[in-house]
Amino acid sequence: MGENVEKPANYNPQEIEPKWQARWAETHLYEVEEDAPRPKWYALTMFPYTSGDLHVGHWYAMAPSDVHARFKRMKGYNVLHPIGFDAFGLPAENAAIKRGIHPYKWTMDNVERMREQLKRMGSMYDWRREVITCLPEYYRWTQWFFLKLYEGGLAYRDKAPVNWCPKCQTVLANEQVVGEGICERCDTPVIRKDLEQWFFRITRYVDELLDFGGTEWPERIKAMQANWIGKSRGVEISFGLENGGGFSVFTTRIDTIYGVTFVVLAPEHPLVAELTTPDRREEVERYIESTRRQSEIERTSTEREKTGVFIGEYAINKLNGERVPVFIADYVLMSYGTGAVMAVPAHDQRDFAFAGKFDLPIRVVIAPPDWNGGELTEAHTEAGTMVNSAHFGGMPSDKAIESIADYVEEKGYGERKITYRIRDWLISRQRYWGAPIPMIYCDKCGVVPVPEGDLPVLLPEDAEFKPTGESPLKYCESFVNTTCPQCNSPARRETDTMDTFMCSSWYFLRYTSPGCFTCSADPAKMGYWMPVDQYTGGAEHAVMHLLYSRFFVKAICDLGIVDFDEPFTRLFNQGIVISGGQKMSKSRGNVIAPDDYVSTLGADSVRTYLMFIGPWDQGGEWDDRGIKGIARWLNRVWAVVIGSYEPAEEDEAQTRELRHITHKTIKKVHDDLERFHYNTMIAALMELTNHLGKVREERAASELAYNEATEALMLLLAPTAPHLAEEMWERTGRPYSIHNMSFPEWHENLVAVEEFTLVIQVNGKVRDKVTAPVTISEDEAKEMALRREKITSYIEGAKSIKVIYVPQKLVNIATT
RNA sequence: GCCGGAGUGGCGGAACAGGUAGACGCGACGGUCUCAAAAACCGUUGGGGGGCGACUCCCGUGUCGGUUCGAUUCCGACCUUCGGCACCA
């Protein structure tokens with residue numbers, strides 16, 4: 001019997017993986033259509049940027065999300081799992097400049113390669129739905145959305161600063177500014193330069209964006225978005241000037257108004273030039289110049305020493321008529337509030353530091369708890385009792401916030417206001433490789449949108465996309481020169497292109513209607529598939545991409561284009577794969593290419609290994625040796641499934657144990673898949689495999705139980721290792737395809753146990769363990785514990801004892 | 001700096017709701033097979049002490065403190081590290 005059991009042929013991924021990939025494609029296994037009666041599941045993975053080869057980091061985003069999509073499919077959902085390419089952007093231009101390849105060619109070559117690599121991963125993508133954002137058939141609709149937002153009053157033009165390299169005469173991305181504001185190409189200090197650019201009014205949607213109703217997002221991502229939006233309530237109050245006029249400041253702490261000893265304007269504040277006195281002008285201008293060289297992060301750091309300049313002018317605090325000096329300082333930003341702050345050194349840490357440096361008075365107006373009237377050593381930022389505050393003295397400061405606000409409004413000095421940290425979305429880019437903004441400038445008619453029928457505004461192929469000092473398209477005369485759609489006279493096109501976040505704010509709509517020529521996405525198809533049920537991608541997109549997409553959908557919902565106002569119902573952010581202790585990146589040279597592993601150990605091993613290295617949301621370290629362990633395990637799976645099994649002498653207890661483990665594993669794998677706990681799911685499958693190995697040696701469990709276990713093992717492994725599962729399914733005589741099978745069910749009565757280990761602790765330390773029936777009562781358990789020989793010695797001589805019982809867990813005896 | 005995470009054996013990690021710390025895997029060590037090696041398989045493996053031994057005691061989840069019968073888990077402060085900070089995507 002056992003001696004002449006045929007030896008199963010070895011598991012050979014090189015052979016079976018391409019075979020099944022071809023078969024799946026031939027049989028259109030993963031192509032999906034709307035199917036109203038079935039519940040739908042839209043499983044979306046953030047599409048990759050066309051950076052070149054697919055590396056392990058890409059796999060880490062794609063493979064586990066494919067596993068989840070496959071799981072949902074086995075659960076009976078009609079699953080849409082598309083993929084595409086984010087194809088516009090800076091790297092294509094950089095590559096073009098460096099290697100003399102046209103961005104289009106560079107990008108499309110990358111798409112070609114990445115597509116083949118993605119196919120080797122064995123994911124269930126419906127390739128008919130692929131989108132590539134740099135193709136006119138796609139960006140035509142990106143432009144169309146721009147026009148819709150423009151019509152809806154959500155797009156406008158305004159001045160905004162860009163990083164400018166005076167030597168290269170070009171706009172730099174933040175990434176191209178290195179060190180302390182240096183151009184990465186020529187080492188010249190970078191300055192900020194104002195340009196007229198296009199914005200979207202995302203600020204109009206702040207309150208809606210703060211409302212996450214109807215979504216199931218991680219709390220930490222919601223917190224990050226809420227902080228990004230940065231809503232604060234306060235008062236906008238005006239300060240007078242000695243020669244008349246004035247300016248407003250925004251404060252969340254109007255209760256400290258009587259403690260104002262100076263005011264600070266942002267160096268960019270429009271009043272600065274006007275107010276600066278002649279004797280201060282030179283120093284002020286020098287300071288403004290130095291500010292232009294600094295990033296916001298540097299400017300707002302609370303760590304570094306405060307800098308600023310007195311501009312020679314004084315402002316009047318209207319509440320007490322006091323005359324306070326006006327400074328400019330880089331820590332005040334023009335983009336927040338009114339670009340001016342009232343400084344209360346006694347109650348604000350930054351103001352305290354500033355006052356210390358410039359020897360300005362520090363006046364306490366909210367008494368710290370046991371204040372003796374002396375000098376403060378640091379700002380007191382907490383609430384307290386009002387002092388030195390006219391008729392508000394003696395009032396609790398939290399009450400005074402309201403009373404003073406009322407008083408200010410009554411007197412007409414200012415009003416309550418809500419301010420947000422978020423700024424409108426600047427979408428203009430002075431670059432070639434992006435979707436042209438579909439606007440025309442006519443001398444007679446002004447700003448005129450390109451008529452919808454004229455879309456797409458094609459990106460000219462022959463433009464000079466190297467840095468020239470202007471938007472590259474400005475030099476492409478065939479592009480720039482056009483006629484006004486309204487009056488037909490000669491006009492010029494907008495030469496800036498759109499931020500690539502614009503392309504990625506609606507791609508998930510396009511997947512529902514591939515290749516639609518008459519619309520961005522078919523409303524019926526969108527109606528079926530949207531919103532996305534599960535979105536997965538890197539946490540680096542927690543704020544920008546995810547916030548822009550939400551804004552976009554809310555805006556087009558209000559414009560009547562879609563009928564849902566949140567794009568992504570559930571969100572999951574995966575962590576990053578580390579190699580050599582660091583994040584993988586081309587510049588660090590520690591990128592792991594999966595291709596060799598796919599060729600030798602198989603895509604299934606790579607997929608499985610990536611899911612095993614750690615919790616998906618936390619990432620983990622890629623270790624060459626680890627993947628071999630996975631390959632070993634998959635071989636053991638092959639051996640226990642393919643090898644025949646015949647019990648020698650059946651033992652009912654062994655059969656029961658095997659069935660218990662099988663059903664426990666089904667439940668565990670199910671629950672782990674639901675929650676993306678892949679690493680523990682694989683551990684559970686390994687335990688089942690190890691147990692099956694033991695069963696094969698002992699040959700005591702029934703054949704029926706063995707077959708139940710191996711069938712479950714194949715099905716449970718199908719989402720993770722789709723090729724291996726399919727091959728085993730076929731070899732064990734089952735019909736094509738395992739990927740059309742349902743997820744196995746478990747029986748609770750087989751999962752349940754009859755006995756458990758009762759842990760007995762004395763003062764929280766484990767001193768004994770005993771097997772007890774699950775039906776044991778609290779009294780029985782406590783009595784059992786106290787009677788144990790080992791325990792009696794620990795509690796001898798105790799004055800009093802307290803016994804705590806945790807059902808089906810432990811008894812703890814606390815002695816005194 | 002600000003916002004959001006994370007810190008557990010030699011390593012990746014497990015512990016679902018405050019209740020047996022170290023599942024599963026890697027590595028290492030020992031063994032089987034082999035002329036030998038590789039592969040595969042079996043066993044041991046947090047640190048320290050005691051016992052011939054079945055065993056047993058102490059310490060241990062970044063640091064310090066707190067809450068609790070009991071803390072990897074909750075609270076406070078700190079340290080380290082990772083992601084984001086608006087033109088990388």
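Quick note on labels: first sequence line is chain A, next is B, and so on, each numbered from 1. Only heavy atoms go into these numbers, but all of them, side chains included; no hydrogens, no water, no symmetry mates.
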Practice task
Under a 3.5 Å limit for both distances, which nucleotide forms a Watson-Crick or G-U wobble pair with B/rG30, could you say?
Solution key: B/rC42
Exercise for the section: Identify whether any heavy atom of A/Arg632 sits under 4.0 Å from a base atom; if not, whether one sits that close to sugar-phosphate; answer base, sugar-phosphate or nothing. Expected result: sugar-phosphate
Handout entry: Partner nucleotide, any strand, of B/rC87 [Watson-Crick/G-U, under 3.5 Å]
Key = none
Exercise for the section: Return the value, rounded to whole Å, for the distance between atom CZ of A/Phe756 and atom P of B/rG19. Expected result: 15 Å
Handout entry: Separation of the P atoms in B/rA38 and B/rA28, to the nearest angstrom
Key = 11 Å
Practice task
Answer with base, sugar-phosphate or nothing: what part of the nucleic acid does A/Ala683 contact at a heavy-atom distance below 4.0 Å?
Solution key: base
Practice task
Compare the minimum distances between each of B/rG4, B/rG12, B/rA6 and the side chain of A/Gln618, then state the nucleotide with the smallest one.
Solution key: B/rA6
Handout entry: Atom of A/Gln574, atom of A/Ala61 and distance for their closest heavy-atom approach
Key = NE2-CB, 3.2 Å
Problem - No-hydrogen, no-angle side-chain donor-acceptor test under 3.5 Å, A/Arg767 and A/Tyr794 - result: yes
Completion exercise
Closest of B/rG19, B/rG83, B/rC88 to the A/Ile576 side chain is B/rG83
Exercise for the section: Taking syn as within 90° of 0 and anti otherwise, name the glycosidic form of B/rG30. Expected result: anti
Fill in the blank from the handout: Separation of B/rG12 atom P from A/Tyr60 atom OH, nearest Å, is 14 Å
Handout entry: A/Trp622/A/Tyr597 aromatic ring centres below 6.0 Å
Key = yes
Exercise for the section: Mark yes or no for a side-chain to base donor-acceptor pair under 3.5 Å between A/Glu540 and B/rC85, with no hydrogen or angle criteria applied. Expected result: no
Practice task
Indicate, with a heavy-atom threshold strictly under 4.0 Å, whether A/Lys769 touches base, sugar-phosphate, or nothing.
Solution key: base
Exercise for the section: Check every strand shown and say whether A/Glu298 touches a base, only sugar-phosphate, or nothing at a heavy-atom separation below 4.0 Å. Expected result: nothing
Problem - Donor-acceptor pair present, A/Asn812 side chain and B/rC69 base, under 3.5 Å - result: yes
Fill in the blank from the handout: If pairing means Watson-Crick or G-U wobble with both distances under 3.5 Å, then the partner of B/rU73 is none
Practice task
Could you tell me whether A/Trp228 contacts a base, only the sugar-phosphate backbone, or nothing, with contacts defined as non-hydrogen atoms closer than 4.0 Å?
Solution key: base
Handout entry: Among B/rU20, B/rC85, B/rC3, the one nearest A/Ile297 by side-chain distance
Key = B/rC85
Exercise for the section: State yes or no: are the ring centers of A/Phe88 and A/Tyr139 separated by less than 6.0 Å? Expected result: yes
Handout entry: Distance between P atoms of B/rC82 and B/rC74 (Å, rounded)
Key = 23 Å
Practice task
Quickly work out the A/Met681 CE to B/rA15 P distance and round it to whole Å.
Solution key: 14 Å
Practice task
Identify whether any heavy atom of A/Phe612 sits under 4.0 Å from a base atom; if not, whether one sits that close to sugar-phosphate; answer base, sugar-phosphate or nothing.
Solution key: base
Practice task
Provide, to the nearest angstrom, the distance between the NZ atom belonging to A/Lys802 and the P atom belonging to B/rC69.
Solution key: 5 Å
Exercise for the section: Using whole Å, report how far CE of A/Met544 lies from P of B/rC87. Expected result: 5 Å
Practice task
Measure distances between side-chain N and O atoms of A/Arg675 and base N and O atoms of B/rC16, and say whether any donor-acceptor pair falls under 3.5 Å.
Solution key: no
Exercise for the section: For B/rC2, take OP1 and OP2 only and decide whether either is under 4.0 Å from a side-chain N or O of A/Arg350. Expected result: no
Handout entry: Candidate nucleotides B/rG12, B/rA23, B/rG19, ranked by approach to the side chain of A/Leu810 - the nearest
Key = B/rG19
Problem - Phosphate OP1/OP2 of B/rC2: any A/Asn227 side-chain N/O under 4.0 Å - result: no
Problem - Sugar-phosphate, base or nothing in reach of A/Asp617, heavy atoms under 4.0 Å - result: nothing
Handout entry: Proximal nucleotide (of B/rA89, B/rC26, B/rU20) relative to the A/Val759 side chain
Key = B/rU20
Exercise for the section: Would you check if the side chain of A/Thr133 reaches a backbone N or O of A/Ala87 as a donor-acceptor pair within less than 3.5 Å? Expected result: yes
Exercise for the section: Mind checking A/Arg767 for me? I need base, sugar-phosphate or nothing, with any heavy atom below 4.0 Å counting as a touch. Expected result: sugar-phosphate
Fill in the blank from the handout: For B/rG4, the nucleotide meeting Watson-Crick or G-U wobble distances (both under 3.5 Å) is B/rC82
Exercise for the section: Taking the six-membered ring for Trp and the full ring for Phe, Tyr or His, determine whether the centres of A/Phe572 and A/Phe676 are under 6.0 Å apart. Expected result: yes
Fill in the blank from the handout: Ranking B/rC26, B/rC87, B/rG13 by distance to the side chain of A/Pro615, first place goes to B/rG13
Exercise for the section: Using the C1' atoms only, state how far B/rG9 lies from B/rG48, rounded to an integer number of Å. Expected result: 14 Å
Exercise for the section: Name the closest nucleotide to the A/Ala173 side chain, picking from B/rG19, B/rC87, B/rA89. Expected result: B/rC87
Exercise for the section: State the pairing partner of B/rA14; accept Watson-Crick or G-U wobble contacts with both distances under 3.5 Å, and report none otherwise. Expected result: none
Exercise for the section: May I have the step-by-step check of salt bridge (Lys or Arg N to Asp or Glu O under 4.0 Å) for A/Glu268 and A/Arg192, ending in yes or no? Expected result: CA-CA 11 Å; A/Glu268 302 90 340; A/Arg192 316 261 283 168; 5.8 Å; no
Exercise for the section: Assess the pair A/Phe200 and A/Tyr548: is the distance between their ring centroids shorter than 6.0 Å? Expected result: no
Handout entry: 5′-ward residue of the pair A/Arg220/A/Ile813 relative to RNA chain B
Key = A/Arg220
Handout entry: Distance, rounded to the nearest Å, where A/Asp623 contributes CG and B/rA28 contributes C1'
Key = 14 Å
Exercise for the section: Name the closest nucleotide to the A/Val766 side chain, picking from B/rG19, B/rC87, B/rU20. Expected result: B/rU20
Exercise for the section: Would you indicate what A/Ile422 reaches in the nucleic acid, counting non-hydrogen atoms under 4.0 angstrom: base, sugar-phosphate, or nothing? Expected result: base
Handout entry: Separation between the P atoms of B/rG25 and B/rA15, rounded to whole Å
Key = 15 Å
Problem - Atom C1', compared across B/rG27 and B/rG12: separation rounded to whole Å - result: 11 Å
Exercise for the section: Report which part of the nucleic acid A/Phe200 touches: base, sugar-phosphate, or nothing (heavy-atom distance under 4.0 Å, all strands). Expected result: nothing
Problem - Same-atom distance (P) from B/rU45 to B/rC24, integer angstrom - result: 12 Å
Handout entry: P gap between B/rG5 and B/rC42, integer Å
Key = 43 Å
Exercise for the section: To the nearest 0.5 Å, tell me how far A/Asn812 CG sits from A/Ile804 CD1. Expected result: 5.0 Å
Problem - Base of B/rC88 paired with side chain of A/Gln176 (donor-acceptor, under 3.5 Å) - result: no
Exercise for the section: Would you mind classifying the nucleic acid contact of A/Val162 as base, sugar-phosphate or nothing, using non-hydrogen atoms under 4.0 angstrom? Expected result: base
Exercise for the section: Using the C1' atom on both, measure B/rA71 against B/rU80 and round to a whole Å. Expected result: 22 Å
Practice task
Give a yes/no answer on whether the side chain of A/Lys790 brings an N or O atom under 4.0 Å of OP1 or OP2 in B/rU56.
Solution key: yes
Practice task
Measure from CD on A/Gln808 to C1' on B/rC16 and round the result to the nearest Å.
Solution key: 15 Å
Completion exercise
Of B/rC87, B/rC3, B/rA86, the nucleotide closest to the side chain of A/Met224 is B/rC3
Handout entry: Validation row, ring centre A/Tyr535 to ring centre A/Trp217 under 6.0 Å
Key = no
Practice task
Find which nucleotide of RNA chain B each of A/Thr757 and A/Thr680 is nearest to by heavy atoms, and output the residue with the more 5' nucleotide.
Solution key: A/Thr680
Handout entry: Atom-to-atom span, CD of A/Glu296 to P of B/rC2 - whole angstrom
Key = 16 Å
